[in-house]
Novice: 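The structure under discussion is supplied below as structure tokens; questions concerning it will follow.
Everything numeric here is computed off the predicted structure, so don't read it as measured data.
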Amino acid sequence: MLFHHASKNRPFHLGTYPMEVLPRDDSVVAAEAAQPPAGPTEAAAAGGALGPAVLHYRELFAGFAEGGPAAETAPVPARLDRRAEDIKGCSYFMDADQVGICRIPENAWLEGSEALEGHSHAVVILVACPALPDRGNLARAWVEDAVAATAEMRVLEIAGCTAGHIRQMGFEARIHHAGDEGLDRKRLAVLAGLCLRRQGGGLLNPYIEGGFALAVISTNYELECDSPLAPGAAGARNRAYRKGIAGAVSGRERARRARRKSHWSRYPMEQVRRVDRPTTLIIDEEVPRVPQRAAFFTRAAKGDLGEKSRRERARFAFKHPLSFSQLQLIRAMVPHQDGETASEWDRDHYGDPAANARAVKALSYFLGSDLTGICEIPRYAWFSHREDGSPIEMYHRYAVVMLIDQGYDTVERTVGC
């Protein structure tokens, strides 16, 4: 008999936290509606070595806060619950921690801001602040002054893709984030069932003990709404949560991950047996370098694989609202993937290769990598020529390879192509 983990049957749009089991209280809607409008908030500052990069990309993603809808409306589901599942699933696919949906009350628009006509619903996206690298890890000094800003950057990236998805279906969507908002994100996080009010007006998330960042998408796309949390939700980290209720990631598993060294991933790769050379026979000097023209995506675009592949290669990533939305962000980042290097570096501080490797891995996990490895680059791993025919010189000795887990949940729900 085969036994499967309960997560195998967990609907993807519910996310990895068991928010659906928490008690709800619709009377919170009236209580929030009775409060006066709030004022705007400022974006988090960022310092340290990572700070400038975080602020740069946060600003880049903020450029997607506004945008026009597609000319034609997509054939969206009539059922509001199916629409909500789609939007939540989109955000969870981009690794949001929690997502909630609510109607926008009149007092949620900030003082001095003008309500956007027709924007009746809010999609509230929450991303937890990443954990700091261990003390003694070189990466800690790089990131410790940029934790909140990093979470804001990541939630903006997710909101940019989700808002773009809505726009590509022919509906309006506007992102509200720290430093550029027309809506009270805290109030909407309460109304969307993600947070409880603390005394003094702060927010409490039932499962996330550290800080978190919020982004709100206001839209005229009508969706099924979530109910606000009841006060009893504050005790959510109970025995059922620790055991993994409803197929969600268990509290015990999250505690295990938190105890691991910061340069280790959540997977126990340090227990995997290692060898000096790949076990597949590779005779290095006999493996030729090949041009980029030999890559199969390029060959398809050139017509080597037939007319259908050539035609579809030009539009395959544009056929779905989400992938089209992702492309816009990717293209905006491409010009920034290179940059100047420091003119000099502290050889005394960074003279230990092992410590440097631990720091780079810890930094990658801080930014959301699932697995990171480092290797020397063999000669044959370099392309010989670019697509335009110009030769490529081998200019780096080492490669840092990062893997993002697509996840069993999403693969299981594909059509197999």
Novice: Do S265 and D370 come close enough that some side-chain heavy atom pair is under 4.5 Å?
Specialist: no
Novice: So how far is it from I166 CD1 to C161 SG, rounded to the nearest 0.5 Å?
Specialist: 11.5 Å
Novice: Nearest 0.5 angstrom please: I404 CD1 to D95 CG, how far?
Specialist: 7.0 Å
Novice: Quick one: does D86's side chain get under 4.5 Å of V76's, heavy atoms only?
Specialist: no
Novice: With the side chain counted from C-beta on, respond yes when Q326 and H320 share a heavy-atom pair under 4.5 Å apart, and no when they do not.
Specialist: no
Novice: With sequence neighbours left out, what residues match R311 under salt bridge (charged side-chain N to carboxylate O under 4.0 Å, His left out)?
Specialist: none
Novice: Evaluate R293 against D304 for salt bridge (Lys or Arg N to Asp or Glu O under 4.0 Å), listing each step before the verdict.
Specialist: CA-CA 10 Å; R293 175 68 171 77; D304 293 0; 2.9 Å; yes
Novice: Could you tell me whether the side chain of S390 and the main chain of R386 form a donor-acceptor pair under 3.5 Å?
Specialist: no
Novice: Is the number of heavy atoms from other residues, nucleotides or ligands within 6.0 Å of CD (E42) greater than 12?
Specialist: no
Novice: What pairs meet the ring pair (Phe, Tyr, Trp, His ring centres under 6.0 Å) rule with one or both residues in residues 358-379, with sequence neighbours excluded?
Specialist: none
Novice: For H121 and T219, indicate whether the former's side chain and the latter's backbone hold a donor-acceptor pair under 3.5 Å.
Specialist: no
Novice: Within a 6.0 Å radius of atom CD on E285, are there more than 12 heavy atoms belonging to other residues, nucleotides or ligands?
Specialist: yes
Novice: Does the pair I208 and L126 meet the rule for a side chain to side chain contact (heavy atoms under 4.5 Å, CB included), with working shown?
Specialist: CA-CA 10 Å; I208 297 173; L126 182 151; 3.3 Å; yes
Novice: Would a distance-only check, ignoring hydrogens and angles, find a side-chain to backbone donor-acceptor pair under 3.5 Å from R310 to K302?
Specialist: no
Novice: List the steps, then state whether side chain to side chain contact (heavy atoms under 4.5 Å, CB included) holds for V400 with S364.
Specialist: CA-CA 10 Å; V400 180; S364 75; 5.8 Å; no
Novice: Taking all atoms of both residues into account, what is the closest heavy-atom pair of V249 and E253, and its distance?
Specialist: CG1-CG, 3.8 Å
Novice: Looking only at heavy atoms, what is the nearest atom pair of Y92 and H13, with distance?
Specialist: CE1-O, 3.2 Å
Novice: Report, as yes or no, whether the 6.0 Å neighbourhood of atom CZ on R273 holds more than 12 heavy atoms from other residues, nucleotides or ligands.
Specialist: no
Novice: Would you give the length of the straight line joining atom CG of N356 to atom NZ of K361, rounded to the nearest 0.5 angstrom?
Specialist: 12.5 Å
Novice: I'd like to know if the side chain of S262 reaches the main chain of P133, judged simply by a donor and an acceptor atom lying under 3.5 Å from each other, with no hydrogens or angles considered.
Specialist: no
Novice: Check for a donor-acceptor pair, side chain of R277 on one end and backbone N or O of I282 on the other, with a separation under 3.5 Å.
Specialist: yes
Novice: Answer yes or no: is there a side-chain heavy-atom contact under 4.5 Å between P105 and L188?
Specialist: yes
Novice: Does Y207 use its side chain to pair, donor to acceptor, with the backbone of P18 at less than 3.5 Å?
Specialist: yes
Novice: Do you know the tightest heavy-atom contact between L204 and A234?
Specialist: CD2-CB, 4.0 Å
Novice: Atom OG of S227 and atom CZ of R24: how far apart are they, to the nearest 0.5 Å?
Specialist: 7.0 Å
Novice: Keeping to residues at least two apart or across chains, list the side-chain hydrogen bond (donor to acceptor under 3.5 Å, both in side chains) pairs with something in residues 55-65.
Specialist: H56-H336, R58-E152
Novice: What is the minimum heavy-atom distance between A149 and A44, and which atoms define it?
Specialist: N-CB, 3.9 Å
Novice: Distance-only, no hydrogens or angles: does the D134 side chain make a donor-acceptor pair with backbone N or O of K261 under 3.5 Å?
Specialist: no
Novice: Can you give me the closest heavy-atom contact between L22 and P206, atom names plus distance?
Specialist: CD1-CG, 3.8 Å
Novice: Do any pairs count as a ring pair (Phe, Tyr, Trp, His ring centres under 6.0 Å) and have a residue in residues 248-286, sequence neighbours left out, and if so which ones?
Specialist: none
Novice: Between T41 and E181, do the side chains contain an N or O donor and an N or O acceptor separated by less than 3.5 Å?
Specialist: yes
Novice: Show your working on side chain to side chain contact (heavy atoms under 4.5 Å, CB included) between E376 and R397 and close with a plain yes or no.
Specialist: CA-CA 6 Å; E376 287 199 51; R397 181 179 177 183; 3.3 Å; yes
Novice: Above 12 or not: heavy atoms from other molecules or residues under 6.0 Å from OH of Y350?
Specialist: yes
Novice: Under 3.5 Å, which donor-acceptor pairs do the side chains of residues 96-104 form with other protein atoms, sequence neighbours left out?
Specialist:
from: D97; atom 1: OD2; to: A128; atom 2: N; distance (Å): 2.7
from: Q98; atom 1: OE1; to: N205; atom 2: ND2; distance (Å): 2.7
from: Q98; atom 1: NE2; to: N205; atom 2: OD1; distance (Å): 3.2

Novice: Does some side-chain heavy atom of R313 sit less than 4.5 Å from a side-chain heavy atom of L305?
Specialist: no
Novice: Taking the side chain as every heavy atom from C-beta outward, state whether Q292 and I392 have any pair of such atoms under 4.5 Å apart.
Specialist: yes
Novice: Less than 4.5 Å apart, side chain to side chain, heavy atoms only: is that true for L367 and P130?
Specialist: no
Novice: May I ask you to decide if M153's main-chain N or O and E157's side chain share a donor-acceptor pair within less than 3.5 Å?
Specialist: no
Novice: Can a side-chain donor-acceptor contact be found between R256 and S250 if the only test is distance below 3.5 angstrom?
Specialist: no
Novice: For the pair E209 and R254, evaluate salt bridge (Lys or Arg N to Asp or Glu O under 4.0 Å) and give the outcome as yes or no after the intermediate values.
Specialist: CA-CA 12 Å; E209 297 182 68; R254 294 187 189 277; over 6 Å; no
Novice: State the CZ-CG distance between F64 and L329, to the nearest 0.5 angstrom.
Specialist: 4.0 Å
Novice: What distance separates S323 OG from Q328 CD, expressed to the nearest 0.5 Å?
Specialist: 10.0 Å
Novice: From the options Q168, M169, R167, select the one residue that forms a side chain to side chain contact (heavy atoms under 4.5 Å, CB included) with H165.
Specialist: M169
Novice: Between R187 (side chain only) and N107 (backbone N and O only), is there a donor and an acceptor less than 3.5 Å apart?
Specialist: yes
Novice: Can you list every pair that meets ring pair (Phe, Tyr, Trp, His ring centres under 6.0 Å) and has a residue in residues 374-398, with sequence neighbours left out?
Specialist: W382-Y395
Novice: For the pair D405 and R266, evaluate side chain to side chain contact (heavy atoms under 4.5 Å, CB included) and give the outcome as yes or no after the intermediate values.
Specialist: CA-CA 11 Å; D405 182 10; R266 59 191 172 101; 3.8 Å; yes
Novice: State, with a plain yes or no, whether a side-chain heavy atom of F212 is found less than 4.5 Å away from one of V127.
Specialist: no
Novice: Inspect the contact between E224 and K88 and indicate whether a charged nitrogen and a carboxylate oxygen are less than 4.0 angstrom apart.
Specialist: no
Novice: How about N238: does its CG atom have over 12 heavy atoms from other parts shown lying under 6.0 Å from it?
Specialist: yes
Novice: So which atom in I217 and which in A163 form the shortest heavy-atom distance, rounded to 0.1 Å?
Specialist: CD1-N, 3.7 Å
Novice: Is any side-chain N of the basic residue among R174 and D180 closer than 4.0 Å to the acidic one's carboxylate O?
Specialist: yes
